[in-house]
Trainee: 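Once you've had a glance at the structure underneath, I'll fire off some questions.
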Amino acid sequence: MAEKLSSQERDSALRELPGWRWDEAANGIARSFEFKDFSEAFAFMTRVALAAERADHHPDWSNSWNKVEIALTTHSAGGVTAKDIALARAIGGLA
């Protein structure tokens, strides 16, 4: 099982993840993405889904037309782990 990061470790990692923020309500890290239209947003979600499946770690997310909201947390660890940070990095590379 992945180990939950301390708040200091989490905050340090967030400084290296542009656009990501701590989301207390989600008990995780979150980021909003905006695209030209629904098609671009959905294509992005498809790329993220493939990366998440490879990582065996899946986001909590929503889509409304050209906007995608993503929250990452490791539910089994009770918060943010290295798996969330790694997936956030991968997602940032796909945006």
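Numbers here simply count residues along the sequence, with the first being 1. The figures that follow rest on heavy atoms only: side chains count, while hydrogens, waters and symmetry mates do not.
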Trainee: What is the minimum heavy-atom distance between Ala88 and Leu17, and which atoms define it?
Mentor: CB-CD1, 3.9 Å
Trainee: Crowded around Glu3 CD? As in, over 12 foreign heavy atoms under 6.0 Å?
Mentor: no
Trainee: For Pro59 and Val48, work out which heavy atoms get closest and say how close.
Mentor: CG-CG1, 4.4 Å
Trainee: List the steps and the verdict of side chain to side chain contact (heavy atoms under 4.5 Å, CB included) for Leu72 and Val80.
Mentor: CA-CA 7 Å; Leu72 300 173; Val80 178; over 6 Å; no
Trainee: Give a yes or no answer on whether the side chain of Ser6 reaches the backbone of Glu9 with a donor-acceptor pair at less than 3.5 Å.
Mentor: yes
Trainee: Thr81 side chain to Ala77 main-chain N or O, any donor-acceptor pair under 3.5 Å?
Mentor: no
Trainee: Between CG of Leu50 and CE of Met45, what distance do you get to the nearest 0.5 Å?
Mentor: 12.0 Å
Trainee: Supply the atom-to-atom distance Thr74 OG1 to Lys83 NZ, rounded to the nearest 0.5 angstrom.
Mentor: 6.5 Å
Trainee: Tell me whether Ile70 is reachable from Trp22 by hopping between hydrophobic residues (I, L, V, M, F, W, Y) whose side-chain heavy atoms are closer than 4.5 Å.
Mentor: yes
Trainee: Enumerate the side chain to side chain donor-acceptor pair (under 3.5 Å) contacts for residues 48-61, please, sequence neighbours excluded, ordered by first and then second residue.
Mentor: Glu53-His58, His57-Asp84, Asp60-His75
Trainee: Using the test side chain to side chain contact (heavy atoms under 4.5 Å, CB included), find all partners of Trp65 that sit at least two apart in sequence or belong to another chain.
Mentor: Asp37, Phe38
Trainee: Excluding sequence neighbours, so at least two apart, what forms side chain to side chain contact (heavy atoms under 4.5 Å, CB included) with Ala95?
Mentor: Phe33, Phe44
Trainee: Which residues pass the salt bridge (Lys or Arg N to Asp or Glu O under 4.0 Å) test with Arg89, not counting sequence neighbours?
Mentor: Glu16
Trainee: Under the side chain to side chain contact (heavy atoms under 4.5 Å, CB included) rule, collect the residues that match up with Glu34, sequence neighbours excluded.
Mentor: Asn66, Lys67
Trainee: Output all residues satisfying side chain to side chain contact (heavy atoms under 4.5 Å, CB included) with Ala41, sequence neighbours left out; order by chain, then residue number.
Mentor: Phe35, Asn63, Val68
Trainee: Could you tabulate the donor-acceptor pairs under 3.5 Å formed by side-chain atoms of residues 25-32, not counting sequence neighbours?
Mentor:
unit_1 : atom_1 : unit_2 : atom_2 : d
Asn27  : ND2    : Gly78  : O      : 2.8
Arg31  : NH1    : Pro18  : O      : 3.3
Ser32  : OG     : Glu69  : OE1    : 2.6
Ser32  : OG     : Glu69  : OE2    : 3.1

